[in-house]
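Reviewing the structure listed below.
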Number of protein chains: 2
Amino acid sequence: MAWKGISDAVIRRLPIYLRVLEEVRGKETCISSHELGKRAGVRPALVRKDLAWFGEFGKQGVGYDVEFLQDELRKILNLDEPLHMALVGVGSLGHALARYNWRRFKEDPLFTIKLVALFDIRPELIGRDIDDVPIYSTDEIPRVVPENDIRLAIVTVPADVAQEITDVLVQAGVKAILNFAPVKLDVPKDVQVANADLSLELQRLAYYIGAQHP
Amino acid sequence: MAWKGISDAVIRRLPIYLRVLEEVRGKETCISSHELGKRAGVRPALVRKDLAWFGEFGKQGVGYDVEFLQDELRKILNLDEPLHMALVGVGSLGHALARYNWRRFKEDPLFTIKLVALFDIRPELIGRDIDDVPIYSTDEIPRVVPENDIRLAIVTVPADVAQEITDVLVQAGVKAILNFAPVKLDVPKDVQVANADLSLELQRLAYYIGAQHP
DNA sequence: TAGATTGTTAATCGATTAACAATC
DNA sequence: TAGATTGTTAATCGATTAACAATC
């Protein structure tokens, strides 16, 4: 689905709501913005405002139908159909994430993000697979990405080649990147990057240590 | 060091500035807010405002002394002295992060966050080590954490035990947690949590796929 | 019906940006 | 000195919260 001009702050909360709905599903058929907010760590007014951007999903005096809202949120987030993902850089972190994602996908039928290709530069890895996901040469990105309709990629390559790999991925049609390399990636405006920069997070956390910060 | 009431939005940018300074160091002795901002992806006015919270580090007409500013930022972030960290949950992700962090620490003398203990529940792992960092039983957290002055922890345990482990860590004196488990952790106000929730990030990215979002 | 809860508007809060006097 | 750039104030922008009429 496609909405325009909705703030990323809103979009970030939708997957959190989705997680709460998944927890609640089966136990309750209906949930109020108050309850949903409490479990998500968000004020009820903000829950209602967030949802109202996309439609009128609730009933006054009652709340939101859990399954209905879940379906709607999944449509909004493009999680109602399989989404093909690649991972570039099968080092120890890449390897771990490949296995992690695969397990997630196997266990949860609602997790539609499917890892379909791995890429690495090392010849000894190419042609092998991890949990049935094949490892290709990075040279093959321009062929394999379009062929498999891959739109999403995880980047776990060393910092010094991250930009280069990103350019190739974007050129091949990737629209969103989860970046673990400690670099700010330059991408066209129609490509989204989420940074999972562990060093930055750890350095930030360090600030809150040592003193009695409230 | 201890400052009060400074927004987390500001703190999050300091490690980014620090990274830029590290890149520039040796090449330039001085850097302007304009140049620092350009490399960090932040407007110059905001760079100056961020730094001004902590002191007057610049010189009019000149800019900021690179090494001096680096030192100051490192003091502010508590990165001027070693900081001991633990990792709980030596699964494939935990294992990868343990190796990653260790390498980072070895290679970069300025990276002072030191991984000193690993914890897991599986008997076959206990007593072994990863790159010389010993694996203890999770039962040992209450003893090992204070003994090693561990203030920071990475949590890579399954979701259903993450809260329980967190409670034990906090009880033992941990002040900041980098959480990879897909759960919202409840902690006292004086403990900071940074979430590295990959599922949430991937689901967010999914939103930006499929339509021509600007 | 009476109580509860939505969707929405207006008020508040906080963060970013623009502008500029001070000064190196 | 003249040009450049800081630290800081005021203006703007955007996001959150509070309040409430509508209505199930």
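Every chain is numbered from 1 and lettered A, B, ... according to where its sequence line falls, protein lines coming before strand lines. Only heavy atoms go into these numbers, but all of them, side chains included; no hydrogens, no water, no symmetry mates.
- Between A/Ser33 and C/dT5 there is no side-chain polar atom (N or O) within less than 4.0 angstrom of OP1 or OP2.
- Nucleotide C/dA15 is matched to D/dT12 when pairs are restricted to Watson-Crick or G-U wobble geometry with both distances under 3.5 angstrom.
- Distance CG (B/Leu36) to C1' (D/dT5): 13 Å, rounded to an integer number of Å.
- For D/dA15, the OP1/OP2 oxygens have no side-chain nitrogen or oxygen of A/Arg12 closer than 4.0 Å.
- Between the CG atom of A/Asp65 and the P atom of C/dT6 there is a distance of 13 Å, given to the nearest Å.
- Between A/Asp8 and B/His34, the residue whose closest nucleotide on DNA chain D is further toward the 5' end is B/His34.
- Closest to the side chain of A/Lys49, out of D/dT8, C/dT8, C/dT6, is C/dT8.
- Listed nucleotides C/dA18, C/dA19, C/dT9 differ in distance to B/Arg48; the shortest reach to its side chain belongs to C/dA19.
- Straight-line distance from the CG atom of A/Leu51 to the P atom of C/dT8: 12 Å, rounded to whole Å.
- Checking B/Tyr17 against B/Asp50 by side-chain atom types alone, a donor-acceptor pair falls below 3.5 Å.
- Comparing D/dT6, D/dT17, C/dG7 against the side chain of A/Ala52 picks out C/dG7 as the nearest.
- Atom NZ of A/Lys184 sits in a crowded spot, with more than 12 heavy atoms from other residues, nucleotides or ligands closer than 6.0 Å.
- Comparing D/dT6, D/dA10, D/dT23 by their closest approach to the side chain of A/Gln60 singles out D/dT23.
- Comparing A/Gly63 and B/Gly61 against DNA chain C, the residue whose closest nucleotide sits nearer the 5' end is A/Gly63.
- Checked against B/Leu51 for a side chain to side chain contact (heavy atoms under 4.5 Å, CB included), the options B/Ile76, B/Val10, B/Leu46, B/Leu69 give a single hit: B/Leu69.
- Rounded to an integer number of Å, the gap from B/Leu69 CG to D/dT6 P is 11 Å.
- Under the 3.5 Å distance criterion, with hydrogens and angles disregarded, a donor-acceptor pair is assigned to the side chains of B/Ser33 and B/Arg48.
- For A/Arg43 and D/dA19, the shortest distance from a side-chain N or O to OP1 or OP2 is not below 4.0 Å.
- In this structure, A/Phe54 atom CZ and C/dT8 atom P are separated by 14 Å, rounded to whole Å.
- For the pair B/Ile31 CD1 and D/dA4 C1', the computed distance is 15 Å after rounding to whole Å.
- Pairing for D/dC20 goes to C/dG7, judged as Watson-Crick or G-U wobble with the two contacts each under 3.5 Å.
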- Start with the C-alpha gap between A/Glu72 and A/Lys75, add the side-chain angles, then the distance that decides, and say whether salt bridge (charged side-chain N to carboxylate O under 4.0 Å, His left out) holds. CA-CA 5 Å; A/Glu72 291 301 316; A/Lys75 279 182 215 162; 3.3 Å; yes
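- Toward the 5′ end of DNA chain D lies the nearest nucleotide of A/Ser7, the other residue of the pair A/Lys59 and A/Ser7 mapping further downstream.
- Counting to the nearest Å, the P atom of D/dT9 and the CH2 atom of B/Trp53 are 11 Å from each other.
- Between the CZ atom of A/Arg13 and the C1' atom of D/dG14 there is a distance of 12 Å, given to the nearest Å.
- With C/dT6, C/dT8, C/dT16 as the candidates, the nucleotide lying closest to the side chain of A/Glu56 is C/dT8.
- In this structure, a donor-acceptor pair under 3.5 Å is absent between the side chains of B/Gln171 and B/Asp167.
- Residue B/Tyr64 places none of its side-chain N or O atoms closer than 4.0 Å to OP1 or OP2 of D/dA4.
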